[in-house]
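For reference, the structure is listed below as structure tokens.
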There are 2 protein chains.
Amino acid sequence: MPKIVNHDERKNTIAEAMWRVILDKGMEGATVRNIAEEAGLSLGALRYYFKTQDDLLVYAMDLVQERATKRIEAVLQQPLSPKELVVAVILEIVPVNANTKIEMEVWFAFIAYVKHRSDTLDVPDDQILEMTQRLLTFLQEQGLLKSTCQLEMEIERLYGLIDGLAIHAILNPERLDPEHVQKTIIYHIDSICC
Amino acid sequence: MPKIVNHDERKNTIAEAMWRVILDKGMEGATVRNIAEEAGLSLGALRYYFKTQDDLLVYAMDLVQERATKRIEAVLQQPLSPKELVVAVILEIVPVNANTKIEMEVWFAFIAYVKHRSDTLDVPDDQILEMTQRLLTFLQEQGLLKSTCQLEMEIERLYGLIDGLAIHAILNPERLDPEHVQKTIIYHIDSICC
DNA sequence: TCCTAATTAGCACGGTTGTATTAAAACGAA
DNA sequence: TTCGTTTTAATACAACCGTGCTAATTAGGA
């Protein structure tokens, strides 16, 4: 009898160990040996759950998106005003707490690594652009977007701002702390809303 | 007699070969062997010019900044209106042509790599923030910044937008082509100027 | 209890990495 | 030419990489 439940839980544990290794040592340090050690497993044990390193990589990337999506869905359930809702969703993406920080940093490391692989890897799409489109369309439908704003341009601008702030918060956290990130997001949303 | 001139020219050639390798294969592929092959040199020859790989890394990073700085200084000599000048300078940073593309991409690869090194490397500062501060202060001094704009916030926003657009242009060039980047930059500058 | 499948540990293999070393080649000045 | 320095080539080495393989261990159902 396979212990399906424990099996999947263990895979998540390993994927999270991989996150921590990437956070600490970068993609270059994300070797199967380092990941196994971080997860408290032997090489053979890790290999039992993930046949190859690429399998683990794809699984760990999927898990990042899954976690973020779940948190965003929880935010969407909350009774907030349109503008508050938009800000709240963005703050679940951009690195302002332990969750968002590790997810965003690991995500960037993944994307940068996968880009330079000759063989294609089944990497999930970036959901941030899609989310940005939805948020701004929502604001416009609510009549909150200033008439001077062009939707397409605002999507590109907010999308860029989100990832730009994320990069800066990751690479220079002592200069751009979570409060500054939040303040800048709110400042920008205010600037495009009536 | 040391052939100083050729020596330094050769070092630049090697550094540029490293850029191309990073552009093509990423930081993981930037091995001394790959770089030597790209430069058309043997391992021993490369090692003659750069005692260690880190020496080459630091030299190649410095060269990125040097090239970008020179181009920006050239732009500053041109007789342009304040707003045109600001846009022109930003377009020398963000990936809109072969030069800016390779420099920005290599720069990000460098920064991401260096971040995860226990030992400190003599990596040059990011000049983009400094440049952004100057540009916006200049706009304000010229009385072109809207009165509703807060300088500190605008610096953070433009800085984020520049690197965010750069990331997107690098990671997804078929979606965000140079024209879109330029259009978005101009749109943003227009939105904060009278 | 036993038995079978799930799980783990450990090692070996071929390949790649950065770097050190050493000898050969190229070249300029006398 | 001849000498001395600069430059190149080639190899060796230790460390690390991903992965395949096999034996030991564990655990749950009959």
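Letters A, B, ... are given to chains in the order of the sequence lines, protein chains preceding strands, and every chain is numbered from 1.
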- Do B:D163 and B:M104 have side chains that get closer than 4.5 Å, going by heavy atoms? yes
- Query: C:dG18 P sits how many Å from B:E37 CD, rounded?
  - Reply: 13 Å
- How long is the span from the CG atom in B:L63 to the NZ atom in B:K11, to the nearest 0.5 Å? 11.0 Å
- Message: Just the rounded figure in Å: distance from P of D:dC16 to CD1 of A:I35.
- Response: 17 Å
- Message: To the nearest 0.5 Å, what is the distance between CD on B:Q150 and CD1 on B:I155?
- Response: 11.5 Å
- Message: Among C:dT21, D:dC17, D:dT8, which nucleotide has an atom closest to any side-chain atom of B:Y48?
- Response: D:dT8
- Message: I need the A:I93 CD1 to A:L165 CG distance, nearest 0.5 Å.
- Response: 12.0 Å
- Run the numbers on A:R157 and B:S191 for side chain to side chain donor-acceptor pair (under 3.5 Å), then give the verdict. CA-CA 11 Å; A:R157 183 155 73 142; B:S191 80; 3.0 Å; yes
Report, one pair per line, the protein and nucleotides 9-12 of chain D atoms (nitrogen or oxygen only) whose separation is under 3.5 Å.
{"from": "D:dA9", "atom 1": "OP2", "to": "B:S42", "atom 2": "N", "distance (Å)": "3.2"}
{"from": "D:dA9", "atom 1": "OP2", "to": "B:S42", "atom 2": "OG", "distance (Å)": "3.2"}

- Of the nucleotides D:dC17, D:dT8, C:dG18, which one has an atom closest to the side chain of B:R10? D:dT8
- Task: Round to a whole Å and report the spacing from CD of B:E28 to P of C:dG15.
- Result: 22 Å
- Message: I need the CG-P distance between A:N34 and D:dC16, as an integer number of Å.
- Response: 10 Å
- Closest nucleotide among C:dT19, C:dG18, D:dT19 to the B:T52 side chain: C:dT19
- Atom CG of B:D55 and atom C1' of C:dT19 are separated, to the nearest Å, by 12 Å
- Message: I need the OH-P distance between B:Y49 and C:dT19, as an integer number of Å.
- Response: 18 Å
- Message: Can you see if the side chain of B:R47 gets near the phosphate of C:dG18 - specifically, an N or O under 4.0 Å from OP1 or OP2?
- Response: no
- Query: Taking atom P of C:dG18 as reference, at what distance in whole Å does atom CZ of B:R117 sit?
  - Reply: 12 Å
- Query: side-chain hydrogen bond (donor to acceptor under 3.5 Å, both in side chains) with A:E38: which residues, sequence neighbours excluded?
  - Reply: A:R20
- With rounding to the nearest 0.5 Å, note down the distance linking CG in A:L135 to CD1 in A:I72. 8.5 Å
- Calculate the interatomic distance between B:K51 atom NZ and C:dT19 atom C1'; express it in whole Å. 10 Å
